[in-house]
K.L.:
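Attaching a single structure in structure tokens format; questions to follow.
Chain letters run A, B, ... following the sequence lines, proteins first and then strands; every chain starts at 1.
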Amino acid sequence: MSPATKAMRTPDATAASGDGARTMLLTGNQAVAWGARLARPKVCPVYPITPQTPVLEQLTEFQAAGEFDAEIITPESEHSVMSACIPASLAGVRVFTATASQGLLLMHELLHYASGARAPIVMANINRTVASPWAFWPDQTDSLAQRDTGWIQLYVESAQEALDSVIQAFRVAEAVQVPAMINLDAFYVSHAMEPVAVPAPAEVDAYLPPFAPEHRLDTGKVESWGNVVSQDMFYRHRQSIEQAMGRVPQLLAEADRAWHERFGRAWGVVERYRCEGADTVVVTMGSMCGTARDAIDAMRDAGQAVGLVKVRLFRPLPVAALRAALAGVRDVVVLDRNHSPGAGGILHQELRAALYGMPGAPRVHGLLAGVGGVNVPPGRIVEFVRQARASDPLPESVWVR
Amino acid sequence: MFKLDPSQDPMLCSGHAACPGCIEALSARHILATMGPDTMAVIPPSCMAIIAGPQPMSSLRIPVYQPTLESSAAAASGLRRALDAQGKRDTQVLVLAGDGGTYDIGFQCLSSAAERNEDFLYICLDNEGYMNTGAQKSSSTPHFARTGSTPAGKTSRKKNLPEIMAAHGVPYVATASASHLADLVRKVEKAKGIRGTRFITVLIPCLDGWGLPDDAGLTAARYAVECGAFPLYEIEDGTRYTLNVADKPRPVADYLALQRRYRGMNDADTATLQAEIDGAWTKLVERAAASRREIATV
């Protein structure tokens, strides 16, 4: 992975500030836990699963040290984790959890329940292959299979972005009362160490005010949630969730801007990397972006007009931002580290739908690259781009390695 | 005779959606009155969810959270901890679930919550089957009972959930019945005063599912206790047994004869059921006696 490309606060500057900000060597998992700690959730149900377990252990260590004032619940399954998260959030407290792979799938029913309940839970998911057969490699099929559950989904590339995104996600989720999922690739991000700027608690408090919903489960208010509704009420409820989702790209852009003003880093809703005058653009998510940056640099050095668009916000899919980012581009090469049998790469499908009908829409080449954690080095991406530019796109995704 | 104080503001309001003559509404009325207004209910899909009413109406004067069928105890844990985090330690969390949501699909998370000794009162309104979906068997359905999924009669015995809950070492487990209303209310009152996981299973004869006349619910509930099919007892801290009704003068055949779900049962099966009830009763009596001896020697 390449380091984050945006301006970072220097270690010297934070050390001199004396406000508790510091730079630490952290894995992606530890950075997630630090993000959660800084967001000050009050309830934190959590269940261990490889490769998420270090998040759980870091949070319980924080709590044991008196540095994390949350009710940690350790139920018998991820299903019960999410079951506990929802009414805790509806009672009016901030709720955080983390999972991966099979654990996320076990939560599936409750993921729908959470968004239907408009519970702004934030959850980190470590993207790992889905069994069977058993495997423990980076693959985003687990979370992409949850795309219709009504959760905001972010895909991050680095430990720093993971920490920042957990806090940004609370701000956006609570503004629209929709839950949010931060996705980071197994091992490439979850277990790789990098220097991470950990913001000062008071600064995060100023950025993220306490969660204080008007409607909540409260014996003083006597409001309820979950009982049977009419067709019309259900229809209007779904419309309301859609309207909330529609506000997310703008709210995330604002949250990211405010973050940049306060902490000097921004990540974007989609990020354009060296896209100036590009005739070909690679589009991907998560840790693959880091590899793609190296490939883009090599191609730019060789005089080729190639850039990268990183999809950070996947749900809701920021269609307007993607269309703007890809306007005037001849070829788009989508790299999918996921697999939907019978449909191919999920980002490929989604991007083709997003660009369909756009005047002068780019040619979209879908590549199933890195499925099951197969390594995709920069040189292969250079080759994928060369082949795509020289051939017509196919309607289906193509297996490459 | 036990009576509700008529001046008391009802916690379960008239106009609720229970079937006419339903013992569950009667039981819930007394349970909710005993719990009082500083209570939050967790009600999964069940007859009680129907009684609670459709949005935007509610028959309960307290907040209700309706979770998924299998997650009541996990949801109650999350709600409890959120209240604790807000400093609302005196607010009670009350689960009102059916036997399907308790003995069957909700059992995994109930066991987990009991292992953690989460602080809530879990009441299973036990009508011995999936009555809300038209009477299919659950693991609470008794031996030989006919249901939609056991048309020739159930071939296995009712799961002994109170014993399983007691084995977790939780502070309070009890059985109760609206036929012994003062005992039911006393148990809810007692459970209310205890911290940790408290579990009461209340027998709810289902008029439709058991094949009872509209006015026979309480009679069936009383016969169940009197024949020992549903003994009334308490288990404190997983070890101390108290048998609340100390004899069982009625043969099970009396109880079976009230209900169409046992129609066509032959004498041999009735004798088998009677023997099963007698065996379970003997164990219970021994445990209660042993608990009294322990108390005497302390």
K.L.:
Tell me, for P45(B) versus chain A, whether the close heavy atoms (under 4.5 Å) come from the side chain, the backbone, both or neither.
P.N.:
neither
K.L.:
To the nearest 0.5 angstrom, please state how far the CE atom of M82(A) sits from the OG1 atom of T68(B).
P.N.:
12.0 Å
K.L.:
Pick one of side chain, backbone, both or neither for I72(A), based on which atoms fall under 4.5 Å of a heavy atom in chain B.
P.N.:
backbone
K.L.:
In terms of heavy-atom proximity below 4.5 Å to chain A, should E115(B) be classed as side chain, backbone, both, or neither?
P.N.:
neither
K.L.:
So which heavy atom on A75(B) is nearest to which on P87(A), and how close?
P.N.:
O-CG, 3.3 Å
K.L.:
Closest heavy-atom contact between Q86(B) and A91(A)?
P.N.:
NE2-O, 2.9 Å
K.L.:
Where is the tightest heavy-atom contact between A74(B) and S83(A), given as atom of each residue plus distance?
P.N.:
CB-CB, 3.7 Å
K.L.:
Does CG in D69(A) sit with more than 12 non-hydrogen atoms of other residues, nucleotides or ligands closer than 6.0 Å?
P.N.:
no
K.L.:
Going by residue number, which parts of residues 205-236 of chain A are within reach of chain B, meaning a heavy-atom gap below 4.5 Å?
P.N.:
L217(A), D218(A), T219(A), V222(A), E223(A), S224(A), W225(A), G226(A), N227(A), V228(A), V229(A), M233(A)
K.L.:
Side chain, backbone, both or neither: which part of S111(B) has a non-hydrogen atom closer than 4.5 Å to chain A?
P.N.:
neither
K.L.:
Can you name the nearest heavy-atom pair linking R116(B) to T74(A), along with the distance?
P.N.:
CD-O, 3.7 Å
K.L.:
Applying side-chain contact (heavy atoms from CB on, under 4.5 Å), can you list everything that pairs with P201(A), at least two apart in sequence or on another chain?
P.N.:
L38(A), R40(A)
K.L.:
Is Q108(B) in contact with chain A via its backbone, its side chain, both, or neither, using a 4.5 Å heavy-atom distance?
P.N.:
both
K.L.:
What residue in M57(B), R80(B), Q55(B) has the most heavy-atom pairs under 4.5 Å with chain A?
P.N.:
Q55(B)
K.L.:
Report which part of L79(B) has an atom under 4.5 Å of a heavy atom belonging to chain A: side chain, backbone, both, or neither.
P.N.:
both
K.L.:
Could you list the residues that satisfy ring-ring contact (aromatic ring centres under 6.0 Å, His included) with F170(A), not counting sequence neighbours?
P.N.:
none
K.L.:
Who wins among I86(A), V43(A), I73(A), V93(A) for the most heavy-atom pairs under 4.5 Å with chain B?
P.N.:
I73(A)
K.L.:
Does E242(A) have more than 12 heavy atoms from other residues, nucleotides or ligands lying within 6.0 Å of its CD?
P.N.:
no
K.L.:
Do the side chains of L110(B) and E76(A) get nearer than 4.5 Å, heavy atoms only?
P.N.:
no
K.L.:
State the CG-NZ distance between L83(B) and K42(A), to the nearest 0.5 angstrom.
P.N.:
14.0 Å
K.L.:
Restricting to pairs with a member in residues 61-103 of chain A, which pass ring-ring contact (aromatic ring centres under 6.0 Å, His included), not counting sequence neighbours?
P.N.:
W34(A)-F62(A)
K.L.:
Does any heavy atom of chain B fall under 4.5 Å from the side chain of P75(A), the backbone, both, or neither of them?
P.N.:
both
